[in-house]
Amino acid sequence: MATNSTDYDFLQIEPHWQSFWDTQKTFRAGTDTSKPKFYALDMFPYPSGAGLHIGHPEGYTGSDIISRAKRSQGFNVLHPIGWDAFGLPAEQHAVKTGTHPASNTQNNIANFRRQLKSLGFAYDWEREVDTTDPKYFKWTQWIFLQLFKRGLAYVDERPVWWCPELRTVLANEEVTDGKSEVGGFPVERRNLRQWVLRITAYADRLLADLKDVDWPDSTKRMQEAWIGRSEGAELLFKLENAALGDLKVFTTRPDTVYGVTYMVVAPEHPLADALTTAAQREQVANYKKKAAAKSDLERTDLAKEKSGVFSGSYALNPANGARVPIWIADYVVMGYGTGAIMAVPAHDDRDYDFAKQFDLPIIQVIDSGKPDQTLPFLADGKLINSGPHTGLDWNDAKKQITAYFASKGIGKATINYKLRDWLFSRQRYWGEPFPIVWVNEADYNRAVASRKADLPPQPVKYTSEGKTLFALPLPAVSLPLTLPDVQSYLPSGNGESPLANVTPWLEIWLNFETGAAVPATEAKPVGESWIRARRETNTMPQWAGSCWYYLRYLDPKNDQAIASPELLKYWGVPDLYVGGAEHAVLHLLYARFWHKVLFDEGVVPQAEPFKKLFHQGIILGEDGEKMSKSRGNTVNPDDIIASHGTDTLRLYLMFLGPLEAMKPWNPNGIEGVHRFLQKVWRECLSREGAINPKISVDNSAAEPAELTKLLHETIKKVTEDIDALRFNTSISQMMIFSNALQKAPAVKRTTVLAFLQLLAPFAPHVAEELWARLGEKPSILDAAWPKYDPAQLIATELKVVVQVNGKHRGELMVAPGITQDAAFALAQADAKVAAHLVGKEIKRVIYVPGRILNIVVV
RNA sequence: GCCCCUGUGGUGGAAUGGUAGACACUAGGGACUUAAAAUCCCUUGCCUGAAAAGGCGUGCCGGUUCGAGUCCGGCCGGGGGCACCA
């Protein structure tokens, strides 16, 4: 079964065991649902043309070690992989070459698959998923239909981030500093018709349920900040021009309402024009034009310098009737709260800056109780200058003032979220088509009768050039809706996807019962259910496919459901999810949202998709800089596998430092772990390839007691470290063991075997080889994980460090359980210690049993 | 500006409030060898010292403690996130 290699020939050994695992289906997830399960998930890769980056095997090795160890520990392990294969690079390649993005994608997948196999990962390759496979995206489209049905998908013409270079819109989350996340191209605001998912409806649950997941704190905090819940109140300010009604503002500080000295509305606020008096008309128009022309980059860059213009109108403070001017300024944004604020310059730094700049009055209404009363004052205190509320603590005042306004019907407590609805459409070819057609109102109403269960409570519609169109979902039975072939993959650049040019696909007669379609150029088929329809031309963003792939692995071939209810129940959600921190608010928030919708729909039995999340750190180049082609500091896993073998690569990636840490690649360090594996090889096999004679086959060897003890310590440490993902220290421990093994003149066979089992999750190929060469039946993972014997760990003698005034002055070997007095007596008898006690008065003795004896003297 | 993480030898890093530097890398010395590679052994935080030993050391300044890399306060450097969100 094994190779007959006489020395550690990894180029022969590694492919040998990879093909063994392949043909034996070693890593096929079991079907025995009476066994405890363990589901280890990696964030699946986008199969780029560049092949695997060294960061991929880092995280993947971590989850692989856990998977292999859990398997030996008796778990039914699910460890799958797949491809997040829709995406811009494939499409840009298609635009350039004119070849279908699918062919390029499949080539890249083949390369990724080859690389991952050569790394020896314990994936169940029969469960591979590919987001671009119609059998897969059928269910992505199906989930979209569930969102649609529940009123969580709608269409809106709204200012969105448009990237001229990518010729598509981008979500808020995909734009940083006015540049696209992909490619770093400038973006601008455009008004375009878009599909939007109502993720805000889940804001409170997405926030609250973070308490139930075992995630890095930093990631939880990032999601919390992104969701951005803030409690406050909506208050109505009467306008002096009563014909205009009221101005509604949102504030988190209703306690400062007596300090309002002006109001601000965003330039895009619907009342902005009506509030503008004739005298101010020209100024306001100029200002609005300037504000609209500002790119967001400018708007943030100029954050220090506030701008604004007086509207000419006044509002009346509901608390005290004060007449306050209304300004128009772009430091208030339309997208949050009500797009209008009450400004309290004394207690808000932005309002303060603005008031100083435009010479507006500042009224202090909160007193800190301290002599230093510099404004703006943002902390807690007691109310002053606040009419009947003067003297209240600010927290009580928030409640009482809100209640007071509520009782008069001019205010109420509200909660606002920074989270915006999720912009879900892209003007691209290479994505999932929306299973939606646009029809006229009459046809929609005809469809309602038979399709009611598929439709949202309120129809999704939009009006363009005077015509109102209604969104009708395709029947689920007709899915998948596949992509048509196109002449050109290049988006038009005017906000329409290339799909808009495929007339026979686009303009159709649709049977709304069955989803069947024929081109509109043909005669309308006979029957009551045929209507004229135009397909949706946008496609879904890349996030769609990755929102639910972890569910598809449970039952990847199922064509009746995303997965069977039995398997959804047995495998549940991943027990461990490993992937980069860069997805902290994108993928991880979107997937949680979809999962909760599926939970509400009764499809999945749990409310959260990822119980335990772990982020592997970034591996930097040798120079300590981020790896990049332009810097020329990248590392290709293929090269390391060829020069040192994948076992060495895996071990080295784990030995580099804590898995979560950012750490530089160091080509010298790799020799150390390679030597370690060679040493293990030599300790098992002689130069001729036979079993090392120092290993006694019948276990009669006079194995040194320290080696036996060290084995048990190593079993304990490695087992615990694997569970905690502390792979660097478990490798250190195995190195300590191998150093001792080398020095031992004789060793029991069972000791060597147990050690190989500990090594197997880390360096699986060499472990399988040596296991087989020592006469055991592969796979090594089928043998039960070694257990340590606590009795072996009990020391007969302990080293106690003696300190005098906290300084290390000597060491004692003592029996366990020795009393403080006895230890102290021994210490006093020690010449080195005694020298530091001469002529001193002993004030105190501290004894930590078995560890330290500290003598305090003066 | 705000929030979070982080700072340990020449290098990567280790260390339940209890011997700082495990385990490796690099470097130096030695053994084996005709020679080299491989392997094995020794040294390797800094200072004084021939040695024994002693002093100083975990970014900086303070504090708590018998004892601080670890806990607390302030400052400095590096990384990440958010950024007019009322």
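Every chain is numbered from 1 and lettered A, B, ... according to where its sequence line falls, protein lines coming before strand lines.
For the pair N739(A) and A24(B), the criterion of a side-chain N or O lying under 4.0 Å from OP1 or OP2 is met. At C40(B), one or more side-chain N or O atoms of Q742(A) fall inside 4.0 Å of OP1 or OP2 (strictly under the cut-off). Under 4.0 angstrom from either OP1 or OP2 of C40(B) there lies at least one side-chain N or O belonging to K679(A). Taking side-chain N and O atoms only, S230(A) has a distance below 4.0 Å to OP1 or OP2 of A86(B). The shortest distance between the side-chain N/O atoms of H836(A) and the OP1/OP2 oxygens of G54(B) is below 4.0 Å. Close to G79(B), at under 4.0 Å from its OP1 or OP2, lies no side-chain N or O of K626(A).
The nucleotide whose nearest atom lies closest to any side-chain atom of N666(A) is, among C84(B), C23(B), U11(B), U11(B). Proximity note for K807(A) (side chain, C-beta onward) versus C56(B), C4(B), A22(B): the nearest is C56(B). You'll find that the side chain of R682(A) is closest to C40(B), out of C40(B), C66(B), A14(B). Comparing U39(B), U19(B), C3(B) by their nearest atom to the side chain of R221(A) picks out C3(B). When the nucleotides C41(B), G13(B), C84(B) are ranked by their closest atom to the side chain of N728(A), G13(B) comes out on top. Side-chain proximity of D330(A) to A15(B), C84(B), A83(B): nearest is C84(B). Distance from the side chain of M735(A) is smallest for A24(B) among the nucleotides G18(B), A24(B), C41(B).
For the pair Y8(A) OH and A37(B) P, the computed distance is 23 Å after rounding to whole Å. Rounded to an integer number of Å, the gap from CE of M222(A) to P of C4(B) is 13 Å. As a whole-Å value, the separation of L798(A) CG from U19(B) C1' is 14 Å. The separation between R687(A) atom CZ and U39(B) atom P is 12 Å, rounded to whole Å. As rounded to whole Å, 13 Å separates atom P of C23(B) from atom CD of E713(A). Atom C1' of nucleotide G81(B) and atom NZ of K418(A) are separated by 12 Å, given to the nearest angstrom. Separating the CG atom of L651(A) from the C1' atom of C23(B) is a distance of 12 Å, rounded to the nearest angstrom. Nucleotide U16(B) holds its P atom 11 Å from the CG atom of D721(A), rounded to whole Å.
Of all heavy-atom pairs between F655(A) and I731(A), the closest is CD1-CG2, 3.6 Å.
Side-chain atoms of K306(A) come within donor-acceptor range of the base of C84(B), with a qualifying N/O pair under 3.5 Å. The base of U19(B) is not paired with the side chain of R809(A) by any donor and acceptor separated by under 3.5 Å. Side-chain to base pairing of K799(A) with U19(B): one donor and one acceptor N or O lie within less than 3.5 Å of each other. Judged by distance alone, with hydrogens and angles left aside, N668(A) brings no side-chain donor or acceptor close enough to the base of C25(B) to form a pair under 3.5 Å.
Residues P361(A) and P345(A) form no side-chain contact, since every pair of their non-hydrogen atoms from C-beta on lies 4.5 Å or further apart.
U6(B) and G55(B): their P atoms are spaced 33 Å apart (whole Å). Atom P of G9(B) sits at a distance of 38 Å from the matching atom of C32(B), rounded to the whole Å. Comparing U58(B) with C71(B), their C1' atoms are spaced 16 Å from each other, to the whole Å. The gap from the P atom of A53(B) to that of A14(B) amounts to 31 Å, rounded to the nearest Å. Using P as the reference atom, A22(B) and A15(B) are 12 Å apart when rounded to the nearest Å. Nucleotides U70(B) and U16(B) are separated by 11 Å at their C1' atoms, to the nearest Å. One C1' atom belongs to A83(B), the other to C66(B), and the distance between them is 48 Å to the nearest Å. The same atom, P, is picked in C3(B) and in C75(B); the two are 12 Å apart, to the nearest Å.
For C82(B), the paired nucleotide is G1(B), the pair qualifying as Watson-Crick or G-U wobble because both relevant distances are below 3.5 Å. As the counterpart of G77(B), U6(B) is assigned, both hydrogen-bonding distances of the Watson-Crick or G-U wobble pattern falling under 3.5 Å. Applying the Watson-Crick and G-U wobble criteria (two distances, each under 3.5 Å), A53(B) pairs with U48(B). Across all strands shown, U11(B) pairs with A24(B); the Watson-Crick or G-U wobble distances both stay below 3.5 Å. Base pairing of U33(B): no nucleotide in any strand meets the Watson-Crick or G-U wobble criterion (both distances under 3.5 Å).
Classification of K709(A) and E713(A) as a salt-bridged pair holds, one side-chain N sitting under 4.0 Å from a carboxylate O. A salt bridge between K694(A) and E683(A) is present, with a side-chain N of the basic residue lying under 4.0 Å from a carboxylate O of the acidic one. A salt bridge links K663(A) with E58(A): the distance from a Lys NZ or Arg NE/NH1/NH2 to an Asp or Glu carboxylate oxygen falls below 4.0 Å.
Judged by a 6.0 Å distance limit and a 45° cone about the ring axis, R592(A) is positioned over the six-membered ring of W215(A).
V848(A) comes within 4.0 angstrom of a nucleotide base, judged by non-hydrogen atoms across all strands. Using a 4.0 Å heavy-atom criterion, one finds that F655(A) contacts the bases of the nucleic acid, with or without backbone contacts as well. Note on I736(A): only backbone sugar-phosphate atoms sit closer than 4.0 angstrom, heavy atoms only; bases stay farther off.
Here G9(B) is in the syn range [glycosidic angle within 90° of 0].
Along RNA chain B, the nucleotide nearest N805(A) and the nucleotide nearest G672(A) are compared for position; the residue whose nucleotide lies closer to the 5' end is G672(A). Comparing E811(A) and R675(A), the nucleotide of RNA chain B nearest to each residue sits closer to the 5' end for E811(A).
Using modelled atom types and a 3.5 Å distance limit, the side chains of E671(A) and H644(A) yield a donor-acceptor pair. Side-chain contact of N317(A) with Y258(A): a donor-acceptor pair under 3.5 Å is absent, judged by distance alone.
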message: I'd like to know whether Y417(A) forms a side-chain hydrogen bond (donor to acceptor under 3.5 Å, both in side chains) with T200(A), so could you lay out the CA-CA distance, the side-chain angles of the two residues, the decisive distance to 0.1 Å, and finally the verdict.
response: CA-CA 8 Å; Y417(A) 296 92; T200(A) 51; over 6 Å; no
